[in-house]
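Read the structure below first, then the notes.
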Amino acid sequence: MSIKVRYFASLKESLGCSEDDLVFAGLVSVRDVWRYANPQQPLPDNILAAVNMEYVSLDCSIDDGDEVAFFPPVTGG
Amino acid sequence: MSIKVRYFASLKESLGCSEDDLVFAGLVSVRDVWRYANPQQPLPDNILAAVNMEYVSLDCSIDDGDEVAFFPPVTGG
Amino acid sequence: MAVVIVQGGFDPWQEIQGYQNTLDGMSGKFGATSVFVGTMRDFNAGDPVKGMTLEHYPGMSEKQLETIVAEAQQQWPVLDSLVMHRVGDILPNEPIVLVAVWASHRGDAFDACRYIMEALKSRAPFWKKERLGSEDGRWVGENTKGYKSV
Amino acid sequence: MAVVIVQGGFDPWQEIQGYQNTLDGMSGKFGATSVFVGTMRDFNAGDPVKGMTLEHYPGMSEKQLETIVAEAQQQWPVLDSLVMHRVGDILPNEPIVLVAVWASHRGDAFDACRYIMEALKSRAPFWKKERLGSEDGRWVGENTKGYKSV
């Protein structure tokens, strides 16, 4: 299955990457997506994750075509 | 001593009077002012009283030149 | 800090904009503005209302509003505020009252604005007389509470 | 109910006035409007700030704001609401966010407006990067709480 990964704000800057397209076989969680996409980088504390623009926990499982996003705490308003 | 008494809103309408000038000798309270000014009318429940535009209790004593006001619960805003 | 009793209509949004423009030295200092506008409805206590007349106690209404604003300033770091209240004849859909509070932070702005509004409803000497049909007017008996559990 | 992401400046008071004028059938029905406007300050965390850039997650920011507004509607009898949030480059004294809620009664308007604002601060995917001096920008770490005891 193929998914899109997106990064925002300070995370995008520190990774030097705003998005990635990944292909997986089998069941994967949001946490797995991070591991595959960033094998050198431990998952930062306080990170937030969304699948298809809804907040999810890091253990949420991913379906084909999903858009997975990682970002730091929000600071709008 | 001479004081001014004022009435507002529904109280003004039911008394048919918006203000009175009264002259007293000796110590009087806000409650006494009502009694002298309206001997036929018992003091209504829920009435509010002000002396010189500050809220007071009905037992507050009055000085020469004071403006005493009686009015129903306020309904502004 | 301004307290204004208004005879005749006013546009609350224009008033806020105009007042904010006069706030010299406030530029860049306030992060939060909390505003409440009370508008006349065309129904009350189950009846259609055609209009109303707002009576007040001139002098005392200003004095009480200024006291209320000073109390809010003592409790929260308010940078500035504007309170306007209309008197006289009013039609449905017209603004009755405006409370605007400027502060550095949102919690203070919200709290102070609501405090001023609740205190105004319970202590500022204004009285509403509604025009219902062709009949005489009806004095509004008492203000409802602004907090559910008070 | 409207949720708008704005690129470029906006005048919150004109926006409210304009939006309110489009609310057909609301005339005489709303008694209370509660508004919050967040404005950029020229200081933060002890440092002077020259400007900032607001990044967001296009699509998700609208979706989250619409969810938040729907939650407020479920909890309070909201007649209408307007939420605007700016993105892109911003200078001090410029508005960042506007929340306006129209309701019959003031308690509902106040509660719903504050709820939307607090939820927006904690859940809507916007990020601020401040420009301090001649240096690079600084990402704002986390939003402060809007209630004292939360």
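To find a chain, count down the sequence lines: A is the first, B the second, and so on, and within it residues start at 1. Just so it is clear, the model here is predicted, and its values are computed rather than measured.
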Region of [X] that comes under 4.5 Å of a non-hydrogen atom in chain B:
X: C/Ser122; result: backbone
X: C/Met117; result: side chain
X: C/Arg123; result: both

Exercise for review: Measure from the side-chain N and O atoms of C/Lys129 to the backbone N and O of B/Ser10, and report whether any donor-acceptor pair falls under 3.5 Å.
Suggested key: no

**Study point:** Donor-acceptor contact below 3.5 Å, side chain C/His85 vs main chain B/Gly76
**Key:** no

Point to revise | Test applied, side chain to side chain contact (heavy atoms under 4.5 Å, CB included); reference residue, C/Met60; option that passes from B/Met53, B/Glu67, B/Glu54 | key: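 Going through B/Met53, B/Glu67, B/Glu54 one by one, the side chain to side chain contact (heavy atoms under 4.5 Å, CB included) with C/Met60 is satisfied by B/Met53 alone.
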
Check your understanding: Pick one: which of C/Lys128, C/Glu55, C/Met52 meets side chain to side chain contact (heavy atoms under 4.5 Å, CB included) with B/Thr75?
Key -> C/Lys128

How far apart are the closest heavy atoms of [X] and [Y], and which atoms are they?
X: B/Tyr55; Y: C/Ala124; value: OH-N, 4.4 Å
X: B/Pro72; Y: C/Trp127; value: O-NE1, 3.0 Å
X: B/Pro73; Y: C/Gly141; value: CB-O, 3.9 Å

**Study point:** Working for side chain to side chain contact (heavy atoms under 4.5 Å, CB included), residues B/Phe8 and C/His56
**Key:** CA-CA 8 Å; B/Phe8 290 92; C/His56 76 131; over 6 Å; no

Practice item. Could you check if a side-chain atom of B/Arg6 sits within less than 4.5 angstrom of a side-chain atom of C/Tyr57, using non-hydrogen atoms only? Key: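 SC-SC contact between B/Arg6 and C/Tyr57 confirmed.
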
